[in-house]
Amino acid sequence: MLSFMAMEYSEKVMEHFAHPHNVGVMEDADGVGEVGNAKCGDIMRMYLKISEDEIITDVKFQTFGCASAIATSSIATDMIKGKPLSEALTLTNQAVVEALDGLPAVKVHCSVLAEQAVKAAVADYYKRKGLPYDHPCDACGEGGCCGHDHDCQDHD
Amino acid sequence: MFVYADNAATTAVSKAALDAMLPALQELYGNPSSLHQKGREANYALIAAREEIARCLNAESREIYFTGGGTEADNWAITEAARLGAEAGKKHIVSDTIEHHAVLHTLARLEKQGFEVTYLPVHDNGVVRLEELEAAIRPDTCLVTIMFSNNEIGTLQPIREIGAACRKKGVLFHTDAVQAVGHVPVDVEADNIDMLSLSGHKFHAPKGVGALYCKKSIKLKNFIEGGAQERGRRGGTEAMPGILAMAAALKESCAHLEENMAKVSAMRDRLIEGLSKIPYSRCNGDPGCRAPGIVSFCFEGIEGESLLLRLDLAGICASSGSACTSGSLDPSHVLLALGLPHEIAHGSLRLSLSEYNTMEEVDYILQQVPEVVRMLRQMSPVWSHMLENTEDPYLAMAK
């Protein structure tokens, strides 16, 4: 079963899984977001360093999950690093899937988690700054929700 | 280094099996049902193969039915036992929660048809309790089906005692022995077994061939309508290359059973000892009642598919009961049946050895697994949470 699924992973996924970018903990992060649920088998934690003019100057992530969860986290950090916050908020799970040359259907929820993790970290930044955050989570449609755990069914 | 440690999934074909099957692909091409010399030649080989399988199980050759594998044998045995039960007005079956899906899904189908199934718990060590089994047998019980050796955690069930309890109560006893035959002693007489399923590719025969042992007193109905093959019960020209290879492979396995068990058990014990040194790890299954080659571990804070694919990158073929290897969101039903929480069951690893493995390979595994676990834990927020909230001096040290 696994070999079948492994074959379904693109080279890009395997490359990011084998050598993930921006892995680690950021002690002085300006925003931290954690999404997912260990019961379902994947949790992502995203750390952002944000400059005065709202540019994401550094990103780090930690992920508990399968190869595609690690690969989506890795590529999502690449996609938002050096970008203005406003641009990071437009990151969609579809863009993450495309950047990885596709994901097996059963793994698409990992890309949703990556999008949610970025948004949760940005929401945390706004919260720390005492600023309003009004970017609804595409996955669940709730405004500024992304810090909460989605049920397993949500990211199937 | 390359290490194949997924022998519970399938094994490499042995030289003995290959040597036995090649003639069936070349000169021994006759149909065993044909009356002419090519047919007779094939038929003699088929008879000898059936005798060999029967001898290895201490059965009679007329009690052996060749099938397309272990799954088919399970389907046939359980469906037939249920039909016979229903004819006698008995529609209750006893099984357990860690059976293979070939058994569980067949039972689920019977439940839809009005049968009632009691699934015995296996407790935290993965073993069925005899007293619970005896208590579960009712006057309307027609079948007890309990696997011999579990494919994920390697637990051996008390088959002989279960069989004796079934005999005493007059209930048919079937065992899925796919992971046992060729690996541990199996004797259908001494073990009180009425029906048994086996699969060739778990003991170095090719895929696509297995057998059902069914005690001669049980009146099996035809499973596949057709010609007179398999005493008319399973029509279709016999898969000669696979059957001859399976007989040769089982003959070899049984001839070397004790030395293979000693060799494989020693490698298994070394693996368990070495992997147990990884903090926050857990060896699944019973420490004593364990098949020689199967090792199952959970490592807290990491997920099984990542572990598996990292090991694959290091040249080690293993498997996992993680949800992500199955495409479902739930981890293995076997690990959950042991009472493991989802988050721990997700971090499982199964290494399954055969006599083809070596101690050098075991040492390589013991060098790679701790390294991969350490690396994955370093990037795991679950592990970080454990470090943040711990009072354990080991974890505090790792902060």
Side-chain angles (χ1 to χ4, degrees), chain A residues 1-9 13-27 32-47 60-71 73-74 104-110 113 117 150-156, chain B residues 4 6 9-10 101 151-152 299-314 316-332 335-336 340-350 372-373 375-388 399:
Chain A
M1 188 69 196
L2 180 82
S3 56
F4 167 68
M5 301 204 35
M7 274 191 289
E8 277 195 290
Y9 281 139
V13 171
M14 287 309 289
E15 186 189 307
H16 276 271
F17 166 65
H19 308 286
H21 305 168
N22 309 307
V23 180
V25 178
M26 194 189 288
E27 299 294 349
V32 181
E34 184 172 306
V35 296
N37 181 330
K39 190 167 180 272
C40 320
D42 35 29
I43 293 188
M44 282 180 202
R45 197 193 273 185
M46 197 80 76
Y47 304 84
K60 287 271 184 271
F61 82 89
Q62 284 186 292
T63 290
F64 162 87
C66 58
S68 67
I70 290 168
S73 319
S74 168
V106 293
K107 302 289 188 177
V108 170
H109 72 269
C110 295
L113 220 54
H150 290 272
D151 291 339
C152 292
Q153 287 78 8
D154 284 350
H155 45 82
D156 188 7
Chain B
Y4 184 76
D6 201 15
T10 195
H101 285 128
N151 52 310
E152 286 190 40
F299 303 103
E300 288 189 47
I302 63 171
E303 194 280 328
E305 193 213 67
S306 296
L307 173 59
L308 193 53
L309 290 176
R310 281 269 168 194
L311 290 176
D312 189 29
L313 292 172
I316 299 169
C317 299
S319 103
S320 172
S322 135
C324 283
T325 60
S326 64
S328 97
L329 289 165
D330 283 324
S332 134
L335 298 176
L336 294 180
L340 291 179
H342 276 66
E343 38 275 54
I344 291 178
H346 279 300
S348 69
L349 174 70
R350 179 188 71 183
V372 171
V373 168
M375 203 268 296
L376 287 172
R377 279 178 173 172
Q378 243 174 16
M379 65 189 291
S380 162
V382 176
W383 185 248
S384 291
H385 279 305
M386 286 173 68
L387 294 185
E388 285 156 16
K399 267 185 197 179

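Predicted model, so just to flag it, every value in this text is computed and none were measured. Naming convention: chains lettered A, B, ... in sequence-line order (proteins, then strands); numbering from 1 in each chain.
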Donor-acceptor contact present, side-chain His346(B) to main-chain Lys39(A), <3.5 Å:
yes
Tightest non-hydrogen contact, residues Gln62(A) and Ser380(B), listed as NE2-O, 3.6 Å
How far does CD of Glu305(B) sit from OH of Tyr9(A), to the nearest 0.5 angstrom?
3.5 Å
Identify the two heavy atoms, one from Pro20(A) and one from Arg310(B), that lie closest to each other, and give their separation to 0.1 Å.
CD-NH2, 3.7 Å
Please round to the nearest 0.5 Å and tell me the distance separating atom OG of Ser384(B) and atom CZ of Arg45(A).
5.5 Å
Against chain B, label Ile70(A) side chain, backbone, both or neither, depending on which of its atoms sit under 4.5 Å from a heavy atom there.
side chain
Between Leu307(B), Ile344(B), Ile302(B), which shows the greatest number of heavy-atom pairs under 4.5 Å with chain A?
Ile302(B)
Interatomic distance, CG@Leu309(B) vs CE@Met14(A), rounded to 0.5 Å, equals 5.0 Å
Contact summary for Phe17(A) and Ser306(B), nearest pair of heavy atoms:
CZ-O, 3.3 Å
